Amino acid sequence: YQGSARGCDLAGVSNFKDICEQTGLTLYQTGHQGAFGLGIAEENIDAFLAATDAILADMSEEPVYYVDYQFDNNNADAQAILDISYLNELWGSCMPEPYVAFKNLKVKKEMVTVYRKKNLTLKIQLPNFLSIMLFNAPEELCDMLQNQNPGYYMLDIVGYCKRNEYGGSVSPQVFIEDYDITGKVAFDF
């Protein structure tokens, strides 16, 4: 098998070419650390995967996101989200699409809508008309957020700024890339 390989600076693997060579199981690795040609004999693929797993065993499996802006609690700036969404023609290999984060977002069941078609789509509607969307949402998450008692769940969310244009109106959205449930509060005063 042959093709191209890339390191991943965001995950701390900037020397992937050296790692491939270190296994002693490749036919070649040609190029520079960030992007290179790689060849592996079919009979060595499983051993190569095991060797790279062993070399990277101490690497954290926790995802890392470089966030361009963080909103705290439910204080999201809907206009800023919309403004960022209009810059989508700038994103590319030299300028990745920016992430925004929500820290300690309080999600009450009244804010949650679940659309059930082929897959589940979770929508969290903030009071400022910003919609936070998760496509292919897990059933457990949807049930948990829709069927909670009078309190709320706390979520940390990372996502992309988008916009929904429908019937002549434009509304800001954030498409969730990842989330973490950080807590639950039984009552809301």
Side-chain angles (χ1 to χ4, degrees), residues 1-70 81 84-103 105 114-124 131-146 153 155-164 173-182:
Y1 286 84
Q2 60 185 3
S4 58
R6 297 189 66 82
C8 184
D9 291 338
L10 293 177
V13 183
S14 56
N15 63 336
F16 190 53
K17 180 178 168 239
D18 291 344
I19 291 170
C20 293
E21 185 174 14
Q22 185 180 343
T23 68
L25 297 165
T26 60
L27 299 171
Y28 63 88
Q29 51 281 321
T30 306
H32 56 83
Q33 291 293 340
F36 55 94
L38 179 66
I40 304 172
E42 183 174 9
E43 62 270 10
N44 290 340
I45 290 176
D46 290 337
F48 173 80
L49 292 174
T52 54
D53 284 348
I55 293 168
L56 298 170
D58 293 333
M59 186 176 144
S60 172
E61 292 185 21
E62 184 174 337
V64 174
Y65 299 98
Y66 291 92
V67 174
D68 294 282
Y69 195 83
Q70 177 179 304
I81 300 293
I84 294 168
S85 78
Y86 281 106
L87 300 173
N88 62 326
E89 291 182 9
L90 299 176
W91 320 145
S93 62
C94 294
M95 186 172 187
E97 188 170 4
Y99 282 121
V100 293
F102 296 83
K103 194 85 171 142
L105 183 70
V114 177
Y115 300 99
R116 299 176 185 273
K117 291 193 178 193
K118 284 184 180 179
N119 297 309
L120 298 179
T121 299
L122 172 68
K123 178 180 178 181
I124 301 169
S131 300
I132 301 174
M133 311 291 293
L134 178 60
F135 301 98
N136 300 312
E139 180 102 32
E140 311 80 49
L141 177 66
C142 294
D143 289 344
M144 181 183 76
L145 293 177
Q146 277 193 313
Y153 280 94
L155 274 72
D156 289 347
I157 293 173
V158 173
Y160 296 106
C161 300
K162 302 292 183 181
R163 67 184 174 278
N164 183 23
Q173 295 181 320
V174 170
F175 287 5
I176 296 174
E177 176 71 18
D178 202 357
Y179 66 92
D180 189 26
I181 301 165
T182 58

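Residues: numbered from 1 along the sequence shown. These numbers were taken from a predicted model, which means no experiment stands behind them. These values consider heavy atoms only, across backbone and side chains, with no hydrogens, waters or symmetry-generated copies.
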Engineer: Could you measure the distance from the NZ atom of K17 to the CG atom of L38? Nearest 0.5 Å is fine.
Structural biologist: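 If I round to the nearest 0.5 Å, the distance is 11.0 Å.
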
Engineer: Which atom names give the shortest non-hydrogen contact between A5 and F16, and what distance separates them?
Structural biologist: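 Closest heavy-atom pair between A5 and F16: CB-CE2, 4.3 Å.
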
Engineer: State which residues pass side-chain contact (heavy atoms from CB on, under 4.5 Å) with P98; sequence neighbours excluded, sorted by chain then number.
Structural biologist: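 With neighbours one apart ignored, the set is D68, I84, W91.
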
Engineer: Heavy-atom count check: over 12 atoms from other residues, nucleotides or ligands less than 6.0 Å from Y65 OH?
Structural biologist: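 Yes, enclosed.
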
Engineer: Please assess D143 against E140 for the test side chain to side chain contact (heavy atoms under 4.5 Å, CB included), listing each intermediate value before the final yes or no.
Structural biologist: CA-CA 5 Å; D143 289 344; E140 311 80 49; 5.9 Å; no

Engineer: Is the number of heavy atoms from other residues, nucleotides or ligands within 6.0 Å of OH (Y28) greater than 12?
Structural biologist: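 Counting other residues, nucleotides and ligands, OH of Y28 exceeds 12 neighbours.
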
Engineer: Is there a donor-acceptor contact under 3.5 Å linking the side chains of Q33 and D18?
Structural biologist: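 The answer is yes; a qualifying pair exists.
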
Engineer: List in chain and number order the residues that pass side-chain contact (heavy atoms from CB on, under 4.5 Å) with K103, two or more places apart in sequence or in another chain; answer none if no residue qualifies.
Structural biologist: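 side-chain contact (heavy atoms from CB on, under 4.5 Å) check on K103 returns Q70, D72, D156.
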
Engineer: Considering non-hydrogen atoms only, spot the tightest contact between K162 and E97 and give its length.
Structural biologist: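 Scanning both residues, the minimum pair turns out to be NZ-OE2, 3.1 Å.
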
Engineer: Heavy-atom count check: over 12 atoms from other residues, nucleotides or ligands less than 6.0 Å from E43 CD?
Structural biologist: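 Check passes, neighbour count above 12.
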
Engineer: Search all heavy atoms of T26 against all heavy atoms of E21 and return the closest pair with its distance.
Structural biologist: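 Looking at all heavy atoms of both residues, the shortest contact is OG1-CA, 4.5 Å.
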
Engineer: Can you tell me how far CD1 of I132 sits from CD1 of I176, rounded to the nearest 0.5 angstrom?
Structural biologist: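 Result: 6.5 Å between the selected atoms.
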
Engineer: Count the heavy atoms of every other residue, nucleotide or ligand shown that sit under 6.0 Å from CD of Q146, and state whether that count exceeds 12.
Structural biologist: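 Above 12, so yes.
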
Engineer: First locate atom CG of L25, then atom CG of L49, and finally report the distance between them rounded to the nearest 0.5 Å.
Structural biologist: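 If we round to the nearest 0.5 Å, L25:CG and L49:CG are 10.0 Å apart.
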
Engineer: Supply the atom-to-atom distance E42 CD to N44 CG, rounded to the nearest 0.5 angstrom.
Structural biologist: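 Nearest 0.5 Å value for the CD-CG distance: 10.0 Å.
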
Engineer: To the nearest 0.5 Å, what is the distance between CG on L145 and CD1 on I181?
Structural biologist: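 Here the interatomic distance stands at 6.5 Å.
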
Engineer: Within the distance-only criterion (no hydrogens, no angle test), does the side chain of K123 pair as donor or acceptor with the backbone N or O of Y115 below 3.5 angstrom?
Structural biologist: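 Checked: no pair found.
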
Engineer: Between P138 and L120, what is the shortest heavy-atom contact and its length?
Structural biologist: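 Of all heavy-atom pairs spanning P138 and L120, the closest is C-CD1, 4.4 Å.
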
